[in-house]
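Only this structure's heavy atoms are used, side chains among them; waters, hydrogens and symmetry mates stay out. Quantities reported herein were computed from a predicted structural model and do not represent experimental measurements. In what follows, every chain begins at residue 1, and chains take the letters A, B, ... in the order their sequences are listed.
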Amino acid sequence: MKNENIRLRFAPSPTGPLHIGGVRTALYNYLYAKKKGGTFILRIEDTDQTRYTEGAEAYIKDALAWLGMTFDEGPTAGGDYGPYRQSERKEMYAQYAKQLVDQNQAYYAFDTSEELEKARERAKERGEHSMKYDSSSRYEMRNSLTLSKEETTALLEKGENVTIRLKVPKDEIISFEDEVRGKVSFNSNELDDKVILKGDGMPTYHMANIVDDHLMKISHVVRGEEWLSSTAHHVLMYRFFNWTPPVFAHLPLILKPSGKGKLSKRDGAKFGFPVFPLLWESKDEDDYLGFREAGFLPESLLNFLLLLGWSSGDDVEKYTVDDMIAKFDLNRIIKSGARFDYDKAKWFNQQYIIESSSSYLLPLVKAELAKHTISREDDFVLRLIELMKERVELLPEFYSKSTFFFQRPTSYDEKGVRKKYKVENQNHFDALSHAVESLNSFTSLELEKLVKAYIENNELSFGAIFPVLRIATTGSMQGPDLFGTLELLGREEVLIRWKAFFQFVNPKG
RNA sequence: GCUGUGGUCGUCUAAAUAGGCUUAGGACACCAGACUUUCAAUCUGGGAAAUACGGGUUCAAAUCCCGUCCACAGUACCA
């Protein structure tokens, strides 16, 4: 059933933790591949050895695994088009770069970084905003176009500072069809002669990318908008090689919640929300919080991300992964940048928590409790989840909003006590305590029956009794169902807490 | 600067690939009411001074054209 013609790749570069924008890119690639019955591929673009970061590749895989985006081919999964790490494909690129030189569509350039920098400075002084290595300037530089054959071969043999640059033709309109933006055109005079093979023998992104996409038979390139401008170079190279280019789709950027620019890792620290899927720990910089650690369910993050840059056209907001696969399409990707809205992300999470079964939540909640060195029977935690589910947005709140289950109140809501507790009712509370003590089965249902009957028989009001019992057991005016709370706490504990409370408010009694 | 891409409520977006179905719809957030012992959830309602601005074209424009402005991206031997 596999559609061999549909092959999409997610191609991150292991320079650090995977940014949330990258996660969305992965998601769109994944969804489209699945939708079309195609193949989803993970390719690691580690051509820049200076930026290689320990642990980044593992992080990427962990993040994809957590989110359930399993890849069919990749560094660990294998596949027929490997290796899937560009550093392991180094030898393959040089021949293609040379082919372009032989075809006179690329050339050797020997300028050192320092020389280039100087040239740029000179250009700036002349009032030009920067020097472009292109059809207008290439004949003033040190390269195989300006040097004699002998000089060139000598320099090549020396092998220092040898790069290969793309020879971008003059006066041409280069256009391509983008699935989200339509026809996009560039005048080739605006394009610089990009380095395609670096001094260390590694290809640059542009080279590696199109060679691999071609060799791996990639049908659709779905990537961030920052690549739109260089796509002209890419289509040029496809033409030089006489290869059919893939379908392109450039995704809008994810913007800061407020202010200017795209979402950065600093925004996370600044506004107190995660911008990475998983916690990232690093020796030389601060740790970065992840959505997982913040208490998000992977499916809710996916749902939130899906709608940050794509819309189905109807009013549906909640999608299971299967729905996403069924409904997703490239042509409904939004063109403009999307602002990151943490409130909405939390709303999705709350919705997913409410709709999740307690047994699904069980291990997650147990893990949250374990962080506070609390360990309880599954049955207890399950009942806790039932009680708390609807009032939790983030997983850690299963602890933070229910601490009273694990600790006796150390203080009582002052205003609540003042307004609700009446000394003249103390005899009723005493009576209630006795009744609870001798109640046959200590269940939420029986407790409710008992208290309600008592109130009616004594012509009291709910408002005079319920809130007091709540404060007495939890210390607070708000919280989950009172009788459910009592049941979960257990008779012995409840009576101890009540006694303590009544002694506190009425020491003489 | 140059090139490219965008610009609908505070935010995400609908009105798509043929301009009329729009008194511009939905969701988040916000406010109020209902329900609750409380909070939450849920339901109902509310407000939004949202089509960047200015010109066209047309019987009719958020949708097409032109100009302006604004934002973002690229402008590296980084990806």
Classify every nucleotide of nucleotides 13-25 of chain B by which part a protein heavy atom approaches to under 4.0 Å, writing B for the base, S for the sugar-phosphate alone and - for neither, in 5'-to-3' order.
SSSB---------
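When the C1' atom is compared between B:A34 and B:A15, the two are found 33 Å apart, to the nearest whole Å. On the C1' atoms, B:G6 is 15 Å away from B:A62, given to the nearest whole Å. B:A71 and B:U11 have their P atoms separated by 15 Å, given to the nearest Å. Between B:G54 and B:U13, the distance separating the two P atoms is 25 Å to the nearest Å. Across B:C43 and B:G7, the matching C1' atoms stand 36 Å from one another, rounded to whole Å. The same atom, C1', is picked in B:U58 and in B:G19; the two are 9 Å apart, to the nearest Å. Taking atom P in both B:A32 and B:C9, the straight-line distance is 25 Å, to the nearest Å. B:U23 and B:A41 have their C1' atoms separated by 34 Å, with the value rounded to a whole Å.
Within the structure, every side-chain polar atom (N or O) of A:T15 is placed at least 4.0 Å from both OP1 and OP2 of B:C78. Considering only side-chain N and O atoms, A:R165 lies under 4.0 angstrom from the phosphate OP1 or OP2 of B:C77. For A:K198, a side-chain nitrogen or oxygen approaches OP1 or OP2 of B:C78 to under 4.0 Å.
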Chi angles and distances behind the side-chain hydrogen bond (donor to acceptor under 3.5 Å, both in side chains) call for A:E487, A:T443:
CA-CA 5 Å; A:E487 180 187 327; A:T443 62; 5.1 Å; no
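For B:C77, the base has a donor-acceptor partner in the side chain of A:N161 [N/O atoms by modelled type, under 3.5 angstrom]. The base of B:A27 is paired with the side chain of A:K344 by a donor and an acceptor separated by under 3.5 Å.
Using a 4.0 Å cut-off between charged side-chain N and carboxylate O, A:K449 and A:E446 make a salt bridge. Salt bridge annotation for A:D213-A:R43: present, with a cationic side-chain nitrogen under 4.0 angstrom from a carboxylate oxygen.
Residue A:E424 qualifies as enclosed at atom CD: its count of foreign heavy atoms under 6.0 Å is above 12.
Residue whose closest nucleotide on RNA chain B sits further toward the 5' end, between A:F466 and A:H206: A:F466. Along RNA chain B, the nucleotide nearest A:Y205 and the nucleotide nearest A:L191 are compared for position; the residue whose nucleotide lies closer to the 5' end is A:L191.
Nearest nucleotide to the side chain of A:E225, out of B:C78, B:U5, B:C77: B:U5. The side chain of A:R51 lies closest to B:C78, out of B:C77, B:C78, B:A40. Of the candidate nucleotides B:U37, B:U3, B:U11, B:U37 has the atom lying nearest to any side-chain atom of A:P467. The side chain of A:F186 lies closest to B:G4, out of B:G26, B:G4, B:A79. Which of B:G74, B:C77, B:A79 sits closest to the side chain of A:V195 comes down to B:C77. Listed nucleotides B:U37, B:C28, B:A79 differ in distance to A:F462; the shortest reach to its side chain belongs to B:U37.
Applying the side-chain hydrogen bond (donor to acceptor under 3.5 Å, both in side chains) test between A:Y133 and each of A:D192, A:D193, A:D111 identifies A:D111 as the sole match.
Between A:L382 atom CG and A:L488 atom CG the span is 11.0 Å, to the nearest 0.5 Å. Taken from CZ in A:F483 to CZ in A:F466, the straight-line distance is 3.5 Å, to the nearest 0.5 Å.
A cation-pi arrangement is found for A:R24 relative to A:Y28, the charged atom lying closer than 6.0 Å to the ring centre and inside a 45° cone about the ring normal.
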Pull out every protein N or O sitting under 3.5 Å from an N or O of nucleotides 42-53 of chain B, one pair per line with the distance.
from: B:U42; atom 1: OP1; to: A:Q351; atom 2: NE2; distance (Å): 3.2

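A ring-centre distance under 6.0 Å is found for A:Y205 and A:W227.
Base orientation of B:A71: anti, the glycosidic angle falling outside 90° of 0.
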